[in-house]
A.B. asks: 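Starting off with a structure, shown below.
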Amino acid sequence: MKKKLLSTVVLLGTMVLSACNVTTEDEATTGNTNNDQEAVQIDLLGAAADEKDLNILRDQLTRNGFEVNVNQQPDYASYRAQRDAGNFDISVASWTTVTGNPDYAVRSLFTSDGDSRVIAPDSEVDELINQAATENESEYVDTYSELENVLVTENAYTAGLYNSLKAQAFNKDLINPESVNLYKSRAFAWDTVQFNDTSLNETEPLILTQTESDLTSLDPIKGNDGSINQLNTNMYVRLVNLTEDDTVTSEASLSYDHAIAEGNTDYYFVLRDDINFTSVEDGQAVDTGERVGADDVKFSLERASDPESVPDHRTYSLHEYIDEVTVVDDMSELEDATVAEAGTSVKDALEDDLDTSINSLVTDKTQADSAAGNYQVVKLTTTEPFPQVLNYLAHQSAGIVSKKQVESINTYDIENFDINTDIPYGDQRAVTEGDTYDNHLYASGPYVMIEKNDYAATFQKNPAYMPETDNAAKIKNVTVRFIGDMDSALSALRSGEVHLLYGLGETQYQVVEGEESLELQTGPSNAVQYLIINTTNEDRKTAQSEDLRKAILYSINQDDFIQSYDGQKEKAFTPVTPLVETGNELEADADLAQEHLSNYLEQSEE
């Protein structure tokens, strides 16, 4: 059938979009629209950083009968203002699951009370997310598959565009490549890194970068963003960690081992006794002599799970499932509790990797002595069965702080807290050079921040963090330079001013590969670019018509995105895709797109 030319694409953004390398403008205007079918206007929102994706979507939708008004905002703040106001039909968005578990990938975005909710409340979505949270990994695959189909296939609330790789580069002439890990979810950990010439570990700083210089908070529960995630990850030990492939492990954590009791509501951790808090005196990290113990764990996790524990608590949603934290003092409890799906006792499970069996349980952390078999054991109980709680405990927001120190600093009245006069624990003003400097940090992890200014932050090794073990930090000093532009950061890496660059974009890979002194590491990530189809603003046509949403859905061809990024992207159905192999995949279908668009137009005329 003869095709007609569609009207010129209207550009609402302040910047003119360049033609993408997937479809030319001429090709975009000779699509599958029937002569007798009018083009449907649709508003597409995105930020300047999304220009390529906006181009691709515009062309795909234009070919399938839409007249696309592109609203490209100059920066993220402006974009979010438009998105929060509901001024769009469809919007490009991104999501990274930093905890490595699928509950985090969906709860905030899709539940009716989610912090970052992008769909209208849907009871079926809520039920499936809550059901999957109670299940073990072997059980939840089918549940998440069903959830994805409800979100995408059945209702077209959202659609995945692609899954990105994760990349970092470093100076291999200076840094030992075998000491550098690339984590899928976990922020970059510094403690394993060492120089090729190990004599430099004590004398030369490891120089890293990050874009943000304004730090949200060095109190773990008061931030979850790019300004502090990497910093707090290295300053506070947690009950468990994530491996490079997102497996929960006790390796290099505060626990020798952990166990889940039958029923998936009780979680046990046998604690190490070789970590002390470090503080800063005269510009040097010093051993405070205070052991990191069960009372600190109880205090840290109870405040993490209490939304009123501090002003501006920003990570409560990660820890709201924590019901109770107790220090176990009865050996019979460990002997009587059975490990989920194993049939062995919790005591036997906790002793698997211990050099000395558990002979006694002590509540006073100063009395713990693993060599003598005297241990501290902490039990965490969740509000309901929730095995994925372990992933949240591996997040930087579950870092263990000193009960004694935090209580001595946070003496303010919460109800009358004044940010202008009160300096709470972790406030960056306490570590910033100048009149406000009064470093009150007590770090439980491998490093502590010494000080910061507008250009960099300096850190030093905790001398009392698992000393005489393989887990002790290798390099004594670390400097994190604040470089807002990634191209400038790459230039600094190439010139030797920076030793390692975390979070490279695909366009920088070729530059790194062209430098003999640099090594590029790439691997899977949990970062997904996806499309929000507006159902939260009832005045929007997409909220009123499932057929219109499905016409949009079946216009999306993920191969175009992968081709445009030179194969450096992978297909994604939802933010769950990198975490659970559900088998779901979005297939472009022009005929289905036309069918649903025709249905929408017929309904609009009635």
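All figures in this text were calculated on a predicted structure; none of them were measured in a lab.
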A.B. asks: Looking at Q460 and I450, what are the two nearest heavy atoms and their distance?
C.D. replies: CB-CD1, 3.8 Å
A.B. asks: Among all residues two or more places apart in sequence or in another chain, which pass the side-chain hydrogen bond (donor to acceptor under 3.5 Å, both in side chains) test with T203?
C.D. replies: none
A.B. asks: Nearest heavy-atom pair of A349 and V339: which atoms, and what distance?
C.D. replies: CB-CG2, 3.6 Å
A.B. asks: Just by distance, no angles: are the side chains of D214 and Q428 close enough, under 3.5 Å, to form a donor-acceptor pair?
C.D. replies: yes
A.B. asks: To the nearest 0.5 angstrom, please state how far the CG atom of D219 sits from the OG1 atom of T315.
C.D. replies: 8.5 Å
A.B. asks: Can you find a heavy atom in the side chain of V248 that is under 4.5 Å from one in the side chain of L393?
C.D. replies: no
A.B. asks: Closest heavy-atom contact between P121 and R117?
C.D. replies: CD-NH1, 3.4 Å
A.B. asks: Classify the side-chain pair T249/T243 by whether it contains a donor and acceptor separated by less than 3.5 Å.
C.D. replies: no
A.B. asks: Might you point out which heavy atoms bring P575 and V528 nearest each other, and give the distance in Å?
C.D. replies: CA-CG2, 4.0 Å
A.B. asks: Just by distance, do the side chain of S300 and the backbone of I400 share a donor-acceptor pair under 3.5 Å?
C.D. replies: no
A.B. asks: Can you see which heavy atom on I409 is nearest to which on P424, and at what distance?
C.D. replies: CG2-C, 3.9 Å
A.B. asks: Is any side-chain heavy atom of L242 less than 4.5 Å from a side-chain heavy atom of Y183?
C.D. replies: no
A.B. asks: Treating R272 as the side-chain partner and L254 as the backbone partner, does any N or O pair qualify as donor plus acceptor under 3.5 Å?
C.D. replies: no
A.B. asks: Assess whether side-chain hydrogen bond (donor to acceptor under 3.5 Å, both in side chains) is satisfied between D103 and N391, documenting all intermediate values.
C.D. replies: CA-CA 10 Å; D103 186 78; N391 290 76; over 6 Å; no
A.B. asks: For T288, is there any backbone N or O sitting under 3.5 Å from a side-chain donor or acceptor partner on N276?
C.D. replies: no
A.B. asks: Do V362 and D364 make a side-chain contact, defined as non-hydrogen atoms from C-beta onward lying under 4.5 Å apart?
C.D. replies: no
A.B. asks: Walk me through whether V193 and H499 qualify under side chain to side chain contact (heavy atoms under 4.5 Å, CB included).
C.D. replies: CA-CA 11 Å; V193 182; H499 302 153; over 6 Å; no
A.B. asks: Testing the basics here: between N471 and Y465, what is the closest heavy-atom pair and its distance to 0.1 Å?
C.D. replies: O-CE2, 3.5 Å
A.B. asks: With no hydrogens and no angle check, is any side-chain donor or acceptor of Q376 less than 3.5 Å from a backbone partner on T363?
C.D. replies: yes
A.B. asks: Between N526 (side chain) and T97 (backbone), is there a donor-acceptor pair under 3.5 Å?
C.D. replies: yes
A.B. asks: Tell me if the CD atom of E212 is crowded by more than 12 foreign heavy atoms within 6.0 Å.
C.D. replies: yes
A.B. asks: Are E290 and K365 ion-paired here, with the side-chain N under 4.0 Å from a carboxylate O?
C.D. replies: yes
A.B. asks: Look at the side chain of Q194 and the backbone N and O of K474, then say whether any donor-acceptor pair between them is shorter than 3.5 Å.
C.D. replies: no
A.B. asks: How many angstroms lie between OG in S357 and CD in E351, if you round to the nearest 0.5 Å?
C.D. replies: 4.5 Å
A.B. asks: Please evaluate residues F299 and V297 with respect to the criterion side chain to side chain contact (heavy atoms under 4.5 Å, CB included), reporting the C-alpha separation (whole Å), side-chain torsions for both, the decisive distance (0.1 Å), and the verdict.
C.D. replies: CA-CA 5 Å; F299 172 76; V297 173; over 6 Å; no
A.B. asks: Side chains of S345 and D348 only: does a donor on one sit below 3.5 Å from an acceptor on the other?
C.D. replies: yes
A.B. asks: Just by distance, do the side chain of T356 and the backbone of A372 share a donor-acceptor pair under 3.5 Å?
C.D. replies: no
A.B. asks: Would one find more than 12 heavy atoms of other residues, nucleotides or ligands at under 6.0 Å from atom CD of E415?
C.D. replies: no
A.B. asks: Taking the side chain as C-beta and beyond, is there a heavy-atom pair between I414 and E308 under 4.5 Å?
C.D. replies: no
A.B. asks: So how far is it from Y268 OH to D257 CG, rounded to the nearest 0.5 Å?
C.D. replies: 14.5 Å
A.B. asks: Just so I know, are the side chains of F417 and D312 near enough to count as touching, which here means a heavy-atom distance under 4.5 Å?
C.D. replies: no
A.B. asks: Determine whether a donor-acceptor pair (N or O, by modelled atom type, separation under 3.5 Å) exists between the side chain of S444 and the backbone of F277.
C.D. replies: no
A.B. asks: Measuring only between side-chain heavy atoms, which start at C-beta, is L218 closer than 4.5 Å to I228?
C.D. replies: yes
A.B. asks: Please check if atom CG in D330 has more than 12 non-hydrogen atoms from other residues, nucleotides or ligands closer than 6.0 Å.
C.D. replies: yes
A.B. asks: Between Q388 and Y140, is the side-chain hydrogen bond (donor to acceptor under 3.5 Å, both in side chains) condition met? List the steps.
C.D. replies: CA-CA 11 Å; Q388 294 183 54; Y140 63 46; 5.3 Å; no
A.B. asks: Looking at Q396, is its backbone amide N or carbonyl O close enough to the side chain of T233 to form a donor-acceptor pair, meaning the two atoms are under 3.5 Å apart?
C.D. replies: no
A.B. asks: When you measure from the side chain of T265 to the backbone of T381, do you find a donor-acceptor pair of N or O atoms at a distance under 3.5 Å?
C.D. replies: no
A.B. asks: I need the I221 CD1 to Y425 OH distance, nearest 0.5 Å.
C.D. replies: 11.5 Å
A.B. asks: Please tell me whether N224 and S397 have a donor and an acceptor in their side chains that are separated by less than 3.5 angstrom.
C.D. replies: no
A.B. asks: Just wondering, are more than 12 heavy atoms of other shown residues or ligands nearer than 6.0 Å to CG in D84?
C.D. replies: yes
A.B. asks: Given side chains that start at C-beta, do those of L271 and V292 come closer than 4.5 Å, heavy atoms only?
C.D. replies: no
A.B. asks: Yes or no on side-chain hydrogen bond (donor to acceptor under 3.5 Å, both in side chains) for S255 and S250, after CA distance, side-chain angles and deciding distance?
C.D. replies: CA-CA 6 Å; S255 68; S250 285; 2.9 Å; yes
A.B. asks: Counting the benzene-type ring for Trp, do Y267 and H258 have ring centres under 6.0 Å apart?
C.D. replies: no
A.B. asks: Measuring from K222:NZ to N232:CG, what's the distance to the nearest 0.5 Å?
C.D. replies: 12.0 Å
A.B. asks: Just do the side chain to side chain contact (heavy atoms under 4.5 Å, CB included) check on V106 and Y144 with the steps written out, would you?
C.D. replies: CA-CA 10 Å; V106 294; Y144 281 117; 4.1 Å; yes
A.B. asks: Can you list the steps and then say if N374 with S360 is a side-chain hydrogen bond (donor to acceptor under 3.5 Å, both in side chains)?
C.D. replies: CA-CA 5 Å; N374 305 326; S360 69; 2.5 Å; yes
A.B. asks: At what distance, to the nearest 0.5 angstrom, does OG1 of T574 lie from CG of L109?
C.D. replies: 9.5 Å
A.B. asks: Mind checking whether Y321 and Y392 have side chains closer than 4.5 Å, heavy atoms only?
C.D. replies: no
A.B. asks: Quick one: do the K452 and Y437 side chains pair a donor with an acceptor below 3.5 Å?
C.D. replies: no
A.B. asks: For D470, is the CG atom crowded, meaning more than 12 foreign heavy atoms sit under 6.0 Å from it?
C.D. replies: no
